[in-house]
Amino acid sequence: AERKKPGMLCLAFILLLLALLNIFLSRHLKAGLNRLRESQEALRQEWDAMRKDALQIKSANAELEKVASETMALYDMTKDLRKELDEDLIFKLFRERIKNHIRLEECLFLKGEAADTRTLQDKTVLPLCIEKNTLGYLVAGGLKEADEEKFHILARQFLSAARGAVLFQRVQELAIIDSLTQIFNR
């Protein structure tokens, strides 16, 4: 019976060691598990922030692509307007192409300095002037406030192209007719 006591004592000691080891490991593992959970939550928050940033970047890129596409289209329109040297063809091209960018009820080019603009109170009217002479007016009706800036930019391009056409025609006339005598040069 004396031999069983040291074995029981040894077993009790082992059980006590196992209990202490269990307590130590459970505390240590709980602390590690808590650190892992905190780390996981921090990573989840960082992931969510990165996804939100990625969506904002994607949205900003889409907006930039849209603006770049519109800018290129406007550049192409300006380039095409500058190719023509006839006011009527320039206006026809302008009126066709502006519909792709701006919604207008009407778009008119009134030629002549004496064009009556008093009846156009509710419309946008831009004069075409060379030096101090008014050659006509560009008139837009039904222009929405959101499109006004874009219209003014495009209208300036039209007016610039029309001005170039008029000046080109004057140069041609000066090359053919003597300005002093009003007789053909050749």
Side-chain angles (χ1 to χ4, degrees), residues 47-186:
W47 170 257
D48 290 342
M50 289 175 76
R51 275 187 45 206
K52 184 180 176 183
D53 290 346
L55 289 174
Q56 287 176 341
I57 290 170
K58 188 175 183 179
S59 174
N61 280 343
E63 184 64 27
L64 286 174
E65 285 177 7
K66 179 182 172 188
V67 169
S69 176
E70 286 179 2
T71 302
M72 287 306 297
L74 297 177
Y75 169 76
D76 289 341
M77 179 179 167
T78 300
K79 190 170 67 172
D80 291 344
L81 289 175
R82 293 308 223 154
K83 288 179 183 177
E84 297 297 330
L85 294 174
D86 179 80
E87 288 175 82
D88 294 327
L89 289 175
I90 292 171
F91 178 70
K92 181 180 176 186
L93 180 63
F94 174 77
R95 189 174 51 208
E96 288 172 5
R97 300 282 298 272
I98 200 165
K99 291 176 186 177
N100 298 331
H101 305 286
I102 297 174
R103 291 186 185 147
L104 294 171
E105 290 176 10
E106 67 178 330
C107 186
L108 305 169
F109 181 49
L110 303 177
K111 288 186 177 182
E113 191 171 325
D116 187 14
T117 59
R118 291 175 293 172
T119 61
L120 307 171
Q121 297 294 333
D122 59 333
K123 295 177 178 34
T124 302
V125 179
L126 300 172
L128 170 60
C129 299
I130 296 180
E131 296 168 4
K132 293 182 181 181
N133 300 324
T134 302
L135 301 175
Y137 299 91
L138 181 62
V139 179
L143 183 63
K144 295 191 181 347
E145 190 175 323
D147 291 333
E148 280 186 26
E149 182 180 2
K150 193 183 292 185
F151 176 75
H152 282 280
I153 291 169
L154 293 172
R156 279 188 234 124
Q157 296 303 316
F158 163 73
L159 295 173
S160 175
R163 210 176 279 126
V166 168
L167 292 174
F168 178 77
Q169 290 170 356
R170 283 191 183 166
V171 167
Q172 281 189 323
E173 289 172 6
L174 291 174
I176 297 172
I177 299 174
D178 183 87
S179 60
L180 181 62
T181 63
Q182 298 298 317
I183 303 174
F184 289 107
N185 283 332
R186 297 179 197 153

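Among residues at least two apart or in separate chains, side-chain hydrogen bond (donor to acceptor under 3.5 Å, both in side chains) pairs with a member in residues 83-95 are Asp88-Lys111.
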**Leu126/Tyr137 under side-chain contact (heavy atoms from CB on, under 4.5 Å): CA gap, chis, key distance, verdict** = CA-CA 5 Å; Leu126 300 172; Tyr137 299 91; over 6 Å; no

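We find the OH-NZ distance between Tyr75 and Lys79 to be 5.0 Å, quoted to the nearest 0.5 Å. Summarising the geometry, atom NE2 belonging to His101 is positioned 12.0 Å from atom CD1 belonging to Ile153; distances are rounded to the nearest 0.5 Å. Of the inter-residue distances, the one linking Leu81 atom CG with Leu89 atom CG reads 11.0 Å to the nearest 0.5 angstrom. Here the straight-line distance linking atom CG of Leu93 with atom CG of Asp80 works out to 6.0 Å at 0.5 Å rounding. In this structure, CD1 in Ile98 is found 13.5 Å from CZ in Arg103, a value given to the nearest 0.5 Å.
Residues meeting the salt bridge (Lys or Arg N to Asp or Glu O under 4.0 Å) test with Glu96, sequence neighbours left out: none. A search for side chain to side chain donor-acceptor pair (under 3.5 Å) contacts involving Ser59 returns nothing, not counting sequence neighbours. Partners of Glu148 by side chain to side chain donor-acceptor pair (under 3.5 Å), not counting sequence neighbours: none found. Residues satisfying the side-chain contact (heavy atoms from CB on, under 4.5 Å) criterion with Ser69, sequence neighbours excluded, are absent altogether. Residues forming a side-chain contact (heavy atoms from CB on, under 4.5 Å) with Val171 (at least two apart in sequence, or on another chain): none. The ring pair (Phe, Tyr, Trp, His ring centres under 6.0 Å) check on Phe94 picks up Phe158, with sequence neighbours excluded. Annotation: side chain to side chain donor-acceptor pair (under 3.5 Å) contacts of Arg82 (sequence neighbours excluded): Ser160. Judged as a ring pair (Phe, Tyr, Trp, His ring centres under 6.0 Å), and not counting sequence neighbours, Phe151 has no contacts. Applying the side-chain contact (heavy atoms from CB on, under 4.5 Å) rule to Gln56 yields the partners Lys52, Asp53; only residues at least two apart in sequence or on another chain are considered. Partners of Asn100 according to the side chain to side chain donor-acceptor pair (under 3.5 Å) rule, which considers only residues two or more places apart in sequence or in another chain, do not exist here. With sequence neighbours left out, the side-chain contact (heavy atoms from CB on, under 4.5 Å) criterion links Arg163 to Leu128, Ile130, Leu159.
Nearest heavy atom pair, residue Arg97 against residue Asp76, reads NH2-C, 3.8 Å.
At least one side-chain heavy atom of Leu138 sits under 4.5 Å from a side-chain heavy atom of Phe91. At a threshold of 4.5 Å between non-hydrogen side-chain atoms, the residues Gln157 and Met77 do not count as touching. Between Lys99 and Leu104, every side-chain heavy-atom pair lies at or beyond the 4.5 Å cut-off.
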